[in-house]
K.L.:
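One structure, as structure tokens, below. Some questions next.
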Amino acid sequence: SLISRGFSNIIINEKQKVGNFYSENPKQMKALNVKLTNKDIQEIMADFMTNKDIDIKMLYAYSIYCKTRILITKNDFYIDIKPDICEGKPIVLVKNKKEYGINENPNVDEILNEYFKLEGPEKPLKSISNYTITELKELANYFDIKLEKKTTKQEIYMNLNKICEW
């Protein structure tokens, strides 16, 4: 239809603007609370030029470009995409199975204080070396994971990663 074709053109034009901005300023992609490797940045740039859909990594670029914090929630978890320079209220996206929507009236304080913050969609938790076994046991308790007495640090971490899977 004419409307969907027009909308597609708007999306393509916006993606080109963002893609061009980062082509000229690739280091800007580092102005974020998420550590991105140069390879990550190259992949995001390529996605802007080739992907029809928008994935979470592309939201990193939009966040910096639009100077907007983006919170993505799923159940009691959230991912925080926060550029170094933020203006206005955060945008809150909600993940439900494989679909995403916008929470038009979010309670940002509740999300930040009561939801569990994940590091990112691929690796929800920090690496295992960042946690003591006591911290992992506390997290397991928080998520109602039953532990045997001899459960290893690695097993607890793997169980937590399964629960926090994006």
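Note that the coordinates shown come from a computational prediction; the quantities given were computed from them, not determined experimentally.
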K.L.:
More than 12 heavy atoms of other residues, nucleotides or ligands under 6.0 Å from NZ of K30: yes or no?
P.N.:
yes
K.L.:
Measuring from atom OG1 of T134 to atom CD1 of I156, what distance do you get when rounded to the nearest 0.5 angstrom?
P.N.:
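So the OG1 of T134 and the CD1 of I156 are separated by 9.0 Å.
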K.L.:
Answer yes or no: is there an ion pair linking K17 with E14, defined by an N-O contact shorter than 4.0 Å?
P.N.:
yes
K.L.:
Testing the basics here: between I79 and P121, what is the closest heavy-atom pair and its distance to 0.1 Å?
P.N.:
CD1-N, 3.6 Å
K.L.:
Is the number of heavy atoms from other residues, nucleotides or ligands under 6.0 Å of K95 NZ greater than 12?
P.N.:
yes
K.L.:
Y131 versus L160: any side-chain heavy-atom pair under 4.5 Å?
P.N.:
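No - every pair of side-chain heavy atoms lies 4.5 Å or more apart.
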K.L.:
Would you indicate whether E110, at its atom CD, is surrounded by more than 12 heavy atoms from other residues, nucleotides or ligands within a distance under 6.0 Å?
P.N.:
yes
K.L.:
Search all heavy atoms of M29 against all heavy atoms of I44 and return the closest pair with its distance.
P.N.:
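Heavy atoms only, the tightest pair is CE-CG2, 3.9 Å.
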K.L.:
Distance from N75 atom CG to F116 atom CZ, nearest 0.5 Å?
P.N.:
13.5 Å
K.L.:
Determine whether L36 and Q42 make a side-chain contact, defined as any pair of heavy atoms from C-beta on separated by less than 4.5 Å.
P.N.:
no
K.L.:
Does M49 have more than 12 heavy atoms from other residues, nucleotides or ligands lying within 6.0 Å of its CE?
P.N.:
yes
K.L.:
Out of curiosity, does L59 fall in the hydrophobic cluster containing I85 (side-chain heavy atoms, cut-off under 4.5 Å, transitive links)?
P.N.:
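Different clusters.
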K.L.:
Check the pair Y22, I41 against side chain to side chain contact (heavy atoms under 4.5 Å, CB included), reporting the backbone distance first and the verdict last.
P.N.:
CA-CA 9 Å; Y22 288 112; I41 292 170; over 6 Å; no
K.L.:
If you round to the nearest 0.5 Å, how far is NZ of K57 from CG of D40?
P.N.:
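Reported to 0.5 Å precision, the distance equals 4.0 Å.
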K.L.:
Any idea which heavy atoms bring A61 and F48 closest together, and the distance?
P.N.:
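So the minimum-distance heavy-atom pair works out to CB-CE1, 3.4 Å.
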K.L.:
Rounded at 0.5 Å granularity, tell me how far CG in L93 sits from OG1 in T73.
P.N.:
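It comes to 8.0 Å.
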K.L.:
Nearest 0.5 angstrom please: K117 NZ to C164 SG, how far?
P.N.:
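So the NZ of K117 and the SG of C164 are separated by 13.5 Å.
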K.L.:
Look at the side-chain heavy atoms of Ile, Leu, Val, Met, Phe, Trp and Tyr, link any pair under 4.5 Å apart, and say whether V92 and L112 land in one connected group.
P.N.:
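Linked, V92 and L112 end up in one cluster.
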K.L.:
Ignoring hydrogens, what is the shortest heavy-atom contact between I64 and A31? Give both atom names and the distance.
P.N.:
CG1-O, 3.6 Å
K.L.:
Hey, are the side chains of L147 and K137 touching, using non-hydrogen atoms and a 4.5 Å cut-off?
P.N.:
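Sidechains of K137 and L147: in contact.
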K.L.:
Yes or no on side chain to side chain contact (heavy atoms under 4.5 Å, CB included) for Y62 and I54, after CA distance, side-chain angles and deciding distance?
P.N.:
CA-CA 10 Å; Y62 277 115; I54 296 171; 3.9 Å; yes
K.L.:
Just checking, is any N or O donor in the side chain of N130 or S127 under 3.5 Å from an acceptor N or O on the other one?
P.N.:
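There is such a pair between these side chains.
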K.L.:
Give the cluster check for I56 versus L71: same hydrophobic cluster or not, with ILVMFWY residues linked at side-chain heavy-atom distances below 4.5 Å.
P.N.:
no
K.L.:
What distance do N159 atom CG and N161 atom CG have between them, rounded to the nearest 0.5 Å?
P.N.:
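Interatomic distance, N159 CG to N161 CG, rounded to 0.5 Å: 9.5 Å.
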K.L.:
So, for T151 and I133, which heavy atoms are closest and what is the spacing to 0.1 Å?
P.N.:
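Distance-wise, the nearest heavy atoms are O-CD1, 4.3 Å.
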K.L.:
Under a single-linkage definition using a 4.5 Å side-chain heavy-atom cutoff for Ile, Leu, Val, Met, Phe, Trp and Tyr, are Y60 and L118 assigned to the same hydrophobic cluster?
P.N.:
yes
K.L.:
Just to verify, which of F143, Y115, W166 counts as forming a ring pair (Phe, Tyr, Trp, His ring centres under 6.0 Å) with F77?
P.N.:
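Result for ring pair (Phe, Tyr, Trp, His ring centres under 6.0 Å) with F77: F143.
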